[in-house]
Structure formats: C-alpha cells, structure tokens
Q: 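Encoded as structure tokens, here's the structure I'll be asking about.
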There are 2 protein chains.
Amino acid sequence: MPTPAPPLAVATAGLGDVLQLFRTEPTLTRADVMALTGLSRSTVNQRLDALLAAALVVPSGEGAPTGGRPASRFAFNSERGVLLVADIGATGMRTALCNLRGEVRQEHEQSLDVATGPDIVLSVVDEAFRALLAEAGRAAADVHGIGIDVPGPVDFDRGQVVSPPIMSGWDRYDIRAWFAGRYDCPVLVDKDVNAMAVGEHRSLYPEVRQLLMVKVGTGVGAGMIIDGEVFRGADGAAGDIGHIQLTVDDTDNEPVCRCGNTGCVEAYAGGWALVRDLNAAGRPVSTVQEALALIRTGDVTAVRLARRAGRILGHAIADAVSLLNPGVVVIGGQLAQIEEQLFAGIREMVYRRSLPLATRKLSIAATALGPRSGLVGMALLLADSIFAAHRVEGLIARRD
Amino acid sequence: MPTPAPPLAVATAGLGDVLQLFRTEPTLTRADVMALTGLSRSTVNQRLDALLAAALVVPSGEGAPTGGRPASRFAFNSERGVLLVADIGATGMRTALCNLRGEVRQEHEQSLDVATGPDIVLSVVDEAFRALLAEAGRAAADVHGIGIDVPGPVDFDRGQVVSPPIMSGWDRYDIRAWFAGRYDCPVLVDKDVNAMAVGEHRSLYPEVRQLLMVKVGTGVGAGMIIDGEVFRGADGAAGDIGHIQLTVDDTDNEPVCRCGNTGCVEAYAGGWALVRDLNAAGRPVSTVQEALALIRTGDVTAVRLARRAGRILGHAIADAVSLLNPGVVVIGGQLAQIEEQLFAGIREMVYRRSLPLATRKLSIAATALGPRSGLVGMALLLADSIFAAHRVEGLIARRD
DNA sequence: CCTATTACGTTCACTCACTAAACGAAAGCC
DNA sequence: GGCTTTCGTTTAGTGAGTGAACGTAATAGG
C-alpha cells in the first residue's frame, strides 16, 4: 500500500478522483483504493468497473502474496492513446510522442526558425507529429491531446500567441484552431517557460508549493508555479524577469535592450548580450553556443563576462525571491550549461539581498531535465489537463 | 433576484455554500437560493431550517410584491456576534469592533510604539478591545473572532511573528496563544500589507484576480492577491518589494538601507529616506508626516524628492508588474497622501518599462480606504476565515 | 368586500448513490 | 488436504435530495 491513508475530503470521491489515484501511483489494488478514498468496497468496485469499461484503467497482474488470496492490481492505462507534444524554440524544436502519463516515448529534435511564421512552422510540427505516429504505429485517432509550447506570451485559454517580442508573424495566431482541423483532441498552448517550470516541478519538486523557473537562453524569462499550479497573471504576461531593470554597471552607459529600454537583465545577462560583449572584447563569436564554448575554454574575458551575467541574474532573481518567496529556484536555458561560472554569482546575490526569512529554506538548482524540460513539462501539463478530475466523466461519456 | 443563476458545481451545495450566498447578498428569498444553488425547494428549506436554528441566518422582512404572495426574505445574521480587529502599525494602532460581515461598527485609533514589545502592546490592544465591547454592550463571549495585523512577517498558520525587521522583541512571539487564554474564538494574525490588499480588493476590485497592494509608509512593502486569495509565499515573506535593489542614481553612492544592504527601494523612496534626504537638504523635518506637510507646501526641494520617490517606486512596481502581471496596483501608506507628486513618476516608469501586454489593462490607483485599509481588510479576512464553507458545519455543531 | 390569481411553504413518496454485512471463491500455509 | 486469510460479489438497507401535490397567504381587480 503506497501511503498511510489521507481520507479524501467530505464529498465522496467521484470517478475522476479515483482515476487521479491511478495516475499518481503505478498500480493499486481495490483495497488500496478503499484506503485512499475512504469509499466502501462496493463503491470502489463500481468506480473500477466504469474505469475498466472505459479502458482508462487496466488489470496489471497480481499483488504480492500476503498469506491469503492475492489482490489483483490495476494501473492507469497509459497506452490507451498517445499525446503529441512540440517544444518550439527560437531556432529549433523538439517533438515527442508520449503515453497518457505524459512520459516521452519517442522524441525528435530539429532546427527550425520560429520567425518563418506560424504556417510554415506548424506544418513542420505536424510533419514531425505524423512521423512520430507512423514510427509508433499509431493513428491520428489515437491522439488524445496536443501540447505546444512557444517562446512567447500566450493567451492560455484561447490557445493563441499574443504580442510576442520575437515570434514575428505569430501575433494573435490561433494555434488551437490550426490543429483542431487536423486532430480531434484538446490542444494546449503555453509559454515555454511555463512548460519548463511544470517539468522541473513535477519531476523533481512535486511537494514544493512555489517554484521559480528562470530560463537563461538567448533571452531571459521565467515561469512560476504558485500553489502547485502554473501562474500566468492577468494577461499571461507573468514571469517577465528578463526586462526587470538593473543598473549595476560601474559606468552609466546602460546597454540597450531588444525591448527598446535600457538596463534590462537580458541586456546584460542574456545569451545575445554575452555574444555582443564578447565581440566587443575582440572575441569573435556569432552564436550563444560559441560563446558558451569559449567560456568553457577558460578564456579570462569570457569567464569574467559569464560571472558578471551570474551576478546580474542574481540581482533579478533576488528581486523575484523577495516578491514571491518561492521554495525552489531552478535555472535552465542554454546558459545553465555553464553552471559553475553562473551559479556563484546568482547565489551570492540572492543570499546577500533577499530577506533571510525568504532564503533560509530556499534552494537554487540547475535544471535537471536540461533542454528537455519544456518538452517534458508540456507533456505533463497536457496529461494533467486531459485527465483533470472534473473532465473524467466527460471522457467516458465521449467514448460511448 | 440578485444575479441570473450560475448553478454551483456538480456536488450539491452544503450548508456552508448556502451560507456563502447570504454572506454575498444582502437578503435572499428561498426562491433566490433555489435559483443560485440549483437545489430543490425541499432541500433549500432543509438548509434554511438548519441555518435559522443556528441563528446564522435570520428573517429579514418580506420581498417586493409580485402580484402573488410575497416571499419572506432572509439575511445573514451579522449581529449574532462581533469580531475584534486590531491594525497595529509601527507607531499607532487602530482597533475596531465589527459585525460578522466584517463591517466596522466602532473604531478607535491611538498611538502606540510597537517596539515596546508584545506584552505591553497586546495588553493595550486588549484594553481597547474591552472598551469597544463595553461601548457596544457586548460580552467577551460574543466575540466570534479576533484579527490582528502587524507591520512584519507572520507565520500565518501559527499566528506568530517571524524575523521582523522593525518589531523588536516580537520574533516567534505567539500572538494567537496570548489571545487564546483570554477569548474563546479563532485568532488570525497577518502581515499588515496582506490585510490592506484584502481590504482594497474586496471593497473595490472584487472581480480582479491579481492585485498588488504597495504600502509606502515609513518603509515600503507589498501585499498580493493572487487568484483572489492572499499570497504569502513559502515562508510568509512574499511581497518584500521594499528591498528590491535599484541603482538609478546619477552617482554611484547608493544610500544605505535599514536592512543593511544598499540601494534598496526603501532607501530612496521610503518615508524614512525622505526625512533623511530633506534633512540633508537643509529642511529640518523629524517625522514622515512633517515631510509630507512640507511637500504639500510646494517646497521645491521637497517636491523634487517626492517625484524622485515616485520614479523609484515606479521602477520597483514595474518589476513587480513584469513578474506578476496583476490587474490592479493599489498604492497605500502615508505617502499615498501626496498622490499628485508620487503617481506621475510611478505611472511613467511602469508604462515605460513593463510589457505592453501586461500594462494594457493595468490600472494603478491610490488606496480608496486610506489608513483604514488594513483594519477593514483584516476584518474581511477574519469574517471569511470564520465562515469559510468548510467550517460552517463545525460552527453549528459547536453551538449545540 | 369578495374572488381570482399568484406564488409561497410544507409534506410525502420516490430515486439514487453509497454503505454494511453476508457469502462464495481463490490462494498460501501447515 | 484442510485451514486460514483475503479477495471479489451480491444483497438489502440507509439517507440525502427530488419532484409533485397540497394547503396557504397575500395581492389585484371588479
């Protein structure tokens, strides 16, 4: 039996609640479900019958011998269908076919310029989806959900990109509608940093209530988990840590940011700023990856710039920690690869500047999922959305 | 009938849910409750009988004539008992006796140095409470709840002050336990800015999901409403906007802050910093109130400093807006009195620096409740806590 | 003032979900 | 091989909520 037994709330557990148990635990016996829900044996069987009939749950062998008749075990039917997920970045994308637990089964990576616009990009995404389906021997009808995350603000409820700074041609583009014509399933669209936050949260810190995920790539952005849920703000614009303003330069000539302002975090510590500064220092690099490679060689100027970026990020993260008081801060994005050079500065600034009360239990960690956090997170977000307790009844009804 | 009829969730509405309706609407008929809950006439009567028996709801005259028999109306029994609330500031406090809706009935204001420590301060609070009770002709047994808000971080669940920067002698002091020995009712303790946020939110922007309340008094702090609820962070330390670091001075000599760091928002724009800077500029003032008075006279130096404070606050609020993307920002605290001089700078910076997506619908307003927002908010928070849907059954059981 | 109208408030049998207890079945243990 | 243990199923029973019928109270209109 998995956990002691926290009987559910006053209201009796419905089909959805029981399914949640199976999504949480690998396998359960009827007795487990009784203990976890507080429902009677008869009712548990009734629930199970419905879930089995809908193939949402399947038998999964027998339990360990206990001296008496062994209990039959059941498991969430993660192979009942598949999920398709695409993590679209500025210059590349990852696509994956996942099972219904949101676990990645097949994954594909390719370069792709998001600025070629939604028509081309989504066609490429769909090609990748079709290839993944073919490879897995699945039909489009097996697709239970599609999740797309993009490097820009999203109106989550509508599934549209809104006012993106770098995705030219995507403003108000209705991604959901595009897929709705091709697949008959829910389509979720979210900002990449939100998906990344979910990925790290669910995979490594499920018990943490507040998590801040900072992505330091070409630009700088953040996704937030608040009370265990993605926090998007009033317009889906929350987490814009990259354009917090700092003026910690010794001189007064603040760097100009891509956003038009000056002195933004991103204009000091974003990948593009690093490339700019390395070039200015006579180190010809043209991409963020080249800049990172140079830093790894130990080039003094490059390392100095990386450390400065760490301190700048630390300032911004300290501000965010002061405001949000999260339990964990996770750093991801390309620059998280130079952890050693970056983290000292980040930790230094956060612990120096934020209230001791807020930093006492705070942990600051590098991404554990690396470049896959967005993909993994989007899949989990999608699975959660599809099998949300209040939707389960509908799922079953639809099958009939 | 108040609103069209949004039938409640799948689960049938319990006693608590019905009581919530009465707390929301001034009066309701049985037909209203039927429409609002979707419950049948029989069940509504059953619920009403229980609430009437417990005196949580009382008859409230008759409805408007409709051509037939007029329906009898019922209302939340806000006079069944009283709430006692104390808003403790650094140098003064407000106490109030409220009805069970959290509406202030009698209010008292007095000066009080919070640094004299919890024993003295709480004794003074209790004296004020006893006086309010006597004045209202109420006994201690009529007190249904006590709410205390203080100018420092609070462990909300435990009712204790934790690591307060300015409340010397209060660290880990168990405020709840102090009152538990004197009154037999729930005791809520919260940070003042949280109470202020609730006050403004519930009184003026109940439909807004995200609200940022910035208090600019002697120090600078913020309370946040996220998804309609107070957001406290992992350690109750969220909202520490006063110690976000800024270095927007033309020179490099950052002012030293009370917190030990340099360049904090508060060290530029807090009331204490304003007093310091006015003195340095040869304008002898000793209190924030005197500083504000000088600004109102139009003294050029004072006005210049006030405007600078506005811009500094604007920077910090822009950062907070970028991170949280709230629907409304409310400015309170003593410095909100010089709205004219302060707000131009605040608005200028927020609209210049935050994403258009985040500021498009953003409204930035001065407190409407003024110095009473903490008191009013604490009362509402307390009323909500006591009559939370899941506690109503317990309330009734306790009466028996 | 009386009657028709209108909607209220109450009662009662019925439904439905869940429960509790009894029963038969299957597997390990001696 | 019988005994014990636990499982899985079946049964009747309970309680909350429903819906329709009924009696009632107040207004509108003649």
Q: What residues form a ring-ring contact (aromatic ring centres under 6.0 Å, His included) with Phe76(B), not counting sequence neighbours?
A: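 Counting only residues at least two positions away or on another chain, Phe76(B) forms a ring-ring contact (aromatic ring centres under 6.0 Å, His included) with Phe387(B).
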
Q: For the side chain of Ala31(B), counting heavy atoms from C-beta on, which of dT9(D), dT18(D), dC8(C) is nearest?
A: dC8(C)

Q: Nearest-Å distance, CG (Asp17(B)) to C1' (dG17(D))?
A: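 So the two atoms are 15 Å apart, to the nearest Å.
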
Q: Can you tell me how far P of dC16(C) sits from CG of Leu15(A), to the nearest Å?
A: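 For the pair Leu15(A) CG and dC16(C) P, the rounded distance is 17 Å.
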
Q: With sequence neighbours left out, what residues match Asp174(B) under salt bridge (Lys or Arg N to Asp or Glu O under 4.0 Å)?
A: none

Q: Rounded to the nearest Å, what distance is computed from the CG atom of residue Asp32(B) to the C1' atom of nucleotide dG9(C)?
A: 15 Å

Q: What is the distance, to the nearest angstrom, from the CZ atom on Arg73(A) to the P atom on dC7(D)?
A: 11 Å

Q: Give every residue pair that meets the salt bridge (charged side-chain N to carboxylate O under 4.0 Å, His left out) criterion with at least one member in residues 197-206 of chain B, sequence neighbours excluded.
A: Arg202(B)-Asp384(B)

Q: Can you list the residues that meet the side chain to side chain donor-acceptor pair (under 3.5 Å) rule with Arg158(B), with sequence neighbours excluded?
A: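 Here no residue qualifies.
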
Q: Nearest to the Arg47(B) side chain among dA27(C), dT19(C), dG17(D), which nucleotide is it?
A: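 For the Arg47(B) side chain, the nearest candidate turns out to be dG17(D).
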
Q: Looking only at the side chain of Ala71(B) (C-beta and beyond, no hydrogens), which of the listed nucleotides dC7(D), dC8(C), dA27(C) gets closest?
A: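 It is dC8(C).
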
Q: Looking at Glu25(B) and Arg73(B), is any side-chain nitrogen of the basic one under 4.0 Å from a carboxylate oxygen of the acidic one?
A: no

Q: Can a side chain N or O of Ser40(B) be found less than 4.0 Å away from OP1 or OP2 on dT18(D)?
A: yes

Q: In whole angstrom, what separates Met34(B)'s CE from dC8(C)'s P?
A: 8 Å

Q: Please report, rounded to the nearest Å, how far the C1' atom of dG19(D) is from the CG atom of Leu39(B).
A: 14 Å

Q: Are there any protein N/O atoms within less than 3.5 Å of an N/O atom in nucleotides 10-14 of chain D, and if so, which ones and at what distance?
A:
none

Q: Hey, is Asp190(B) close enough to Arg232(B) for a salt bridge, meaning N to O under 4.0 Å?
A: yes

Q: What is the distance, rounded to the nearest whole Å, between atom CG of Leu48(B) and atom C1' of dG17(D)?
A: 15 Å

Q: Check the phosphate of dG17(D) against Gln46(B), side-chain N and O only, distance under 4.0 Å to OP1 or OP2. Yes or no?
A: yes

Q: Please list, chain by chain and in numerical order, all residues satisfying salt bridge (Lys or Arg N to Asp or Glu O under 4.0 Å) with Arg391(A), sequence neighbours excluded.
A: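 Partners of Arg391(A) under the salt bridge (Lys or Arg N to Asp or Glu O under 4.0 Å) test: none.
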
